Peer 1: 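Take this structure, written in structure tokens, and hold onto it; I'll ask about it next.
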2 protein chains.
Amino acid sequence: MKVSREQVAENRRRILAAAGRLFRARGFEAVTVSDVMTAAGLTHGGFYGYFGSKEDLIAAALADVLATASPMPRDLDRYAEAYLSAAHREDRAGGCPVAALGAETIRHSSKARAAMTDGLRRQIDRLSEGAGGADPETRRQSAIGSWATLVGAMVLARISDDAKLSDEVLAQARAWIGRQNGDEHNHP
Amino acid sequence: MKVSREQVAENRRRILAAAGRLFRARGFEAVTVSDVMTAAGLTHGGFYGYFGSKEDLIAAALADVLATASPMPRDLDRYAEAYLSAAHREDRAGGCPVAALGAETIRHSSKARAAMTDGLRRQIDRLSEGAGGADPETRRQSAIGSWATLVGAMVLARISDDAKLSDEVLAQARAWIGRQNGDEHNHP
DNA sequence: GTCTAAACATGACGACCGTCATGTGATTAA
DNA sequence: TTAATCACATGACGGTCGTCATGTTTAGAC
């Protein structure tokens with residue numbers, strides 16, 4: 001049962017996409033190689049024709065998800081509004097890989113960690129462009145501070161089993177970021 | 001081989017302490033019941049005299065760690081300085097359980113999640129006391145925004161395999177929080 | 001059209017984990 | 001001092017997971 005070249009390419013894409021979603025939803029360790037292959041429409045045996053090990057898949061899936069980042073809105077406030085939404089909080093499988101898997105990545109391969117670090121660098125650069133202020137160093141500070149706030153607020157909002165508290169965390173974090181940016185413009 | 005009443009109490013304390021450290025260091029799933037019992041100086045068989053299941057242990061260990069929070073410094077800036085330190089970044093096993101396990105807790109028992117939510121509520125209250133500003137609602141916003149920034153910055157700093165970038169994340173997040181508090185005092 | 005190599009399904013393997021049954025020896029209450 | 005209880009060690013059980021060997025089928029080259 002050989003398969004066409006295009007089919008192979010699409011299978012690889014499907015495996016990566018399935019792994020990316022499953023890992024974000026359940027974490028690296030709770031997802032089985034068999035789970036990923038089944039979700040990709042295959043059986044577990046073919047896996048090792050695509051990746052050398054589960055650890056390799058983790059690194060590849062992370063790099064894949066991080067490569068296709070969401071488009072950057074005009075400014076940081078718009079980005080925060082979209083990121084800190086209830087829809088994003090509910091959609092772990094399709095949401096930010098840093099908020100879902102950031103804390104777990106440290107314990108895996110150096111390639112997985114390198115992929116995350118690369119994503120962090122690119123995200124800081126992207127957010128710097130959308131930050132207010134003339135001084136590049138100030139914009140970089142806003143980018144790092146805002147990104148930390150966004151990731152942390154999403155983790156906290158997902159922790160809370162009290163919907164009211166969870167909503168408040170999202171709203172207050174949005175306001176907190178807005179307060180920073182607003183202050184920026186008002187400064188001499 | 002019975003054991004004295006005090007020994008039982010100390011064993012329980014040792015099991016919880018070992019579980020708290022191991023979970024923070026390796027995550028819930030990578031830690032074995034046997035690992036915890038060995039670290040507590042016992043063998044795996046006695047575990048089910050103390051807890052009904054591993055899931056129960058997770059909830060109890062989380063509640064235990066969250067109950068003994070670090071003392072609140074005078075103001076939010078001092079707290080951020082201590083939290084966003086290189087020492088804390090390195091000490092996963094003894095550090096903040098939210099930064100280490102927050103994202104994973106969602107996938108476990110409702111008791112574990114409730115313990116985390118309770119910890120979040122208490123932390124917001126604690127940080128509100130150290131926040132600047134006269135208006136209680138503004139102080140609460142500073143507490144939530146700062147806490148999100150602290151947790152997120154620690155996650156990001158631990159992700160980076162580039163020490164320079166990791167240090168910068170900690171420093172910029174500290175400055176970002178300080179900018180908020182500083183602005184606060186200067187406002188009319 | 002034939003041959004070959006490759007992709008995937010099936011199935012099996014060793015290892016490990018959570019859990020529980022049983023035995024044993026010390027503690028505590030009488 | 002003795003009897004009954006209880007905490008823990010030992011060991012075993014299903015179940016599951018990552019990985020690999022093998023067989024089967026078909027795409028692609030000649």
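First the proteins, then the strands, lettered A, B, ... as listed; each starts at 1. Predicted, not measured: the structure shown is a model, and the values here were computed from it.
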Peer 1: Would you tell me if any nitrogen or oxygen in the side chain of A:R14 comes within less than 4.0 Å of OP1 or OP2 on C:dC8?
Peer 2: no

Peer 1: Using a strict threshold of under 4.0 Å (side-chain N to carboxylate O), is an ion pair present between B:R89 and B:D167?
Peer 2: yes

Peer 1: Between C1' on C:dA21 and OH on B:Y48, what's the gap in Å once rounded to a whole number?
Peer 2: 13 Å

Peer 1: Which residue lies toward the 5' end of DNA chain C, A:G41 or B:T32, if each is placed at its nearest nucleotide?
Peer 2: A:G41

Peer 1: Hey, does the side chain of A:N11 come within less than 4.0 Å of C:dC8's phosphate (OP1/OP2), counting only N and O?
Peer 2: yes

Peer 1: Tell me: CZ of A:R5 to P of D:dT26, nearest whole Å?
Peer 2: 18 Å

Peer 1: Measure from CD on A:E6 to P on C:dA6 and round the result to the nearest Å.
Peer 2: 17 Å

Peer 1: Tell me if a side-chain donor or acceptor on B:S166 pairs with a main-chain N or O of B:S160 at a distance below 3.5 Å.
Peer 2: no

Peer 1: Closest-nucleotide mapping onto DNA chain C: is B:V33 or B:V3 further toward the 5' terminus? I mean the 5' end.
Peer 2: B:V33

Peer 1: Among D:dC20, C:dG25, D:dG11, which is the nearest nucleotide to the side chain of B:H44?
Peer 2: D:dG11

Peer 1: Any base atoms under 4.0 Å from A:V31, or only sugar-phosphate, or nothing? Heavy atoms, all strands.
Peer 2: sugar-phosphate

Peer 1: In whole Å, what is the span from the CD atom of A:Q7 to the C1' atom of C:dA7?
Peer 2: 10 Å

Peer 1: Provide, to the nearest angstrom, the distance between the CD atom belonging to A:E10 and the P atom belonging to C:dC8.
Peer 2: 11 Å

Peer 1: So, does A:Y50 get its side chain near the phosphate of C:dA7, meaning an N or O under 4.0 Å from OP1 or OP2?
Peer 2: no

Peer 1: Take A:T149 and A:Q180, measure what side chain to side chain contact (heavy atoms under 4.5 Å, CB included) needs, and give me the verdict at the end.
Peer 2: CA-CA 11 Å; A:T149 308; A:Q180 277 280 24; over 6 Å; no

Peer 1: Rounded to the nearest angstrom, tell me the gap between atom NZ in A:K2 and atom C1' in C:dA6.
Peer 2: 5 Å

Peer 1: Within a radius of less than 6.0 Å around CZ of A:R78, do more than 12 heavy atoms belonging to other residues, nucleotides or ligands occur?
Peer 2: no

Peer 1: Starting from P on D:dG18, measure out to CZ on A:F28 and report it in whole angstrom.
Peer 2: 14 Å

Peer 1: Spell out, as yes or no, whether a donor-acceptor pair under 3.5 Å connects the side chain of B:K54 to the backbone of B:F28.
Peer 2: yes

Peer 1: Nearest of D:dG18, C:dC8, C:dA6 to any side-chain atom of A:K54?
Peer 2: D:dG18

Peer 1: To the nearest Å, give me how far apart CZ (B:F47) and P (C:dC17) are.
Peer 2: 14 Å

Peer 1: Indicate, with a heavy-atom threshold strictly under 4.0 Å, whether A:G49 touches base, sugar-phosphate, or nothing.
Peer 2: nothing

